[in-house]
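Read through the structure below, which is laid out as structure tokens, and then see the notes.
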Amino acid sequence: MKTPQVSILTTIYNREKYISDCIESVLASSFQDWEMILVDDQSTDHSVEIAKAYETKDPRIKVYVNKTNLGDYPNRNKAASYAKGKYIKYLDADDMIYPHGLQIMVNAMEQYPETVLGSQCVIREYKTPYPCIINSKTLFESYFSNHNFFSSGPTGTIIKKEIFDKVGGYSGKRFIGDTELWIKMALEGPVVFFQPALIWWRTHEDQETNHEKKNINELLDNKHNLFKSIISDKRIPLNLNQRKKIITNYKLQNIKQGISSIIKYGDPKTGLLKIKNALDTFEL
């Protein structure tokens, strides 16, 4: 069988209500040179049964079931380990991709072969027409000035498989895993951005984002540790003075947000955590 250009990776855990829509959206794609790898993480509903019904109809669809529950990010890495494509394209089991979406993503990566990652842009109208390539220096300068090019989730990206493997995939850190991976990849080369609205990100009660407020300590600690690791990384294309200025702004911003959380929003727990992170000193 011919090696597919794109491996679509879908991790599943109790998504029987959505998985058919997800698979059908891939089947309807104008771009058809793909394999779809679905990896179930010990679902207790009918997700596997539904996915396997599609597997019997299309040889490009492959279903795997983990022997034990791995959790979100480890399961994403597991799915990537089965991929044979030049590119990997995550499509969460509760999301859908529009018929033109995959074609636009692949075209962007092929147009700029030096890129390591393709992502939908968070700005609806950027400075230049899409697709547009942005180098590492600009990406990190923007990231630290609160214009976050790294905010897209897995469904909104397409990844060069060899670079994913080179950086070791996902670390598994909760709430920040996607951003952390995009940052690791951006250190390896430029990123190409394409227009938004190529995928449909479904909102529902059982999403990971809905658990963030319930785990505010873990969320803020992970974000803070990510900031420290990035700003201390000597590979980041910023000079020492730029880094020191960024740290100063980061501390002031956290103090300001912490005070606002306490006084304006009556949330001392979040406020004190932000102030604690602001006062955390570290050497470059």
With clusters built from Ile, Leu, Val, Met, Phe, Trp and Tyr whose side-chain heavy atoms come within less than 4.5 Å, directly or transitively, what are the remaining members of the cluster of Ile259, listed by chain and number?
Ile255, Ile262, Ile263, Leu272, Ile275, Leu279
Output yes when Asp92 and Arg76 qualify as a salt bridge under the 4.0 Å nitrogen-oxygen rule, no when they do not.
yes
Quick one: side-chain hydrogen bond (donor to acceptor under 3.5 Å, both in side chains) partners of Gln32, sequence neighbours excluded?
Arg60
Ionic contact status for Asp280 with Lys276, cut-off 4.0 Å:
no
Where do Gln42 and Lys67 come nearest, in terms of heavy atoms and distance?
NE2-O, 3.6 Å
Please identify each residue that fulfils salt bridge (Lys or Arg N to Asp or Glu O under 4.0 Å) with Asp40, with sequence neighbours left out.
none
Counting only pairs under 3.5 Å, give me each side-chain donor-acceptor contact of residues 79-86, with atom names and distances, residues two or more places apart or in other chains.
| unit_1 | atom_1 | unit_2 | atom_2 | d |
| --- | --- | --- | --- | --- |
| Ser81 | OG | Lys78 | O | 2.5 |
| Lys86 | NZ | Glu110 | OE2 | 2.9 |

I'd like to know if the side chain of Asn107 pairs up with that of Gln111 as donor and acceptor (distance under 3.5 Å, no hydrogens or angles considered).
no
Pairs involving residues 88-118, ordered by first then second residue, that meet ring pair (Phe, Tyr, Trp, His ring centres under 6.0 Å) (sequence neighbours left out):
Tyr90-Tyr170
Taking only residues two or more places apart in sequence or in another chain, which ones pass salt bridge (Lys or Arg N to Asp or Glu O under 4.0 Å) with Glu141?
Lys137
Quick one: which residue pairs count as a ring pair (Phe, Tyr, Trp, His ring centres under 6.0 Å) with a foot in residues 239-267, not counting sequence neighbours?
His224-Tyr250, Phe227-Tyr250
Sorted by chain and residue number, the side-chain contact (heavy atoms from CB on, under 4.5 Å) partners of Glu49 (sequence neighbours excluded) come out as His46
CD1 (Ile12) and CG (Leu38) are apart, to the nearest 0.5 Å, by 4.5 Å
Under-4.0 Å salt bridge between Asp21 and Arg202
yes
Verify whether one side chain among Ser171 and Glu180 offers a donor that lies under 3.5 Å from an acceptor in the other.
yes
Atom pairs and distances, side-chain donor-acceptor, residues 240-247, under 3.5 Å, sequence neighbours left out:
| unit_1 | atom_1 | unit_2 | atom_2 | d |
| --- | --- | --- | --- | --- |
| Gln242 | OE1 | Asn239 | N | 2.9 |
| Arg243 | NE | Leu238 | O | 3.0 |
| Arg243 | NH1 | Ile231 | O | 2.7 |
| Arg243 | NH1 | Asp233 | O | 2.8 |
| Arg243 | NH2 | Asp233 | O | 3.0 |
| Arg243 | NH2 | Ile236 | O | 2.7 |
| Arg243 | NH2 | Leu238 | O | 3.4 |

Residues at least two apart in sequence or cross-chain that pass side-chain contact (heavy atoms from CB on, under 4.5 Å) with Ser232, listed by chain then number, are Phe282, Leu284
Only pairs at least two apart or in different chains count here, so list each ring pair (Phe, Tyr, Trp, His ring centres under 6.0 Å) that has a residue in residues 11-43.
Tyr18-His204
Side-chain donor-acceptor contact under 3.5 Å, Asn254 with Asn277:
no
Joining Ile, Leu, Val, Met, Phe, Trp and Tyr whenever any side-chain heavy atoms lie under 4.5 Å apart, the cluster holding Val65 also takes in Val48
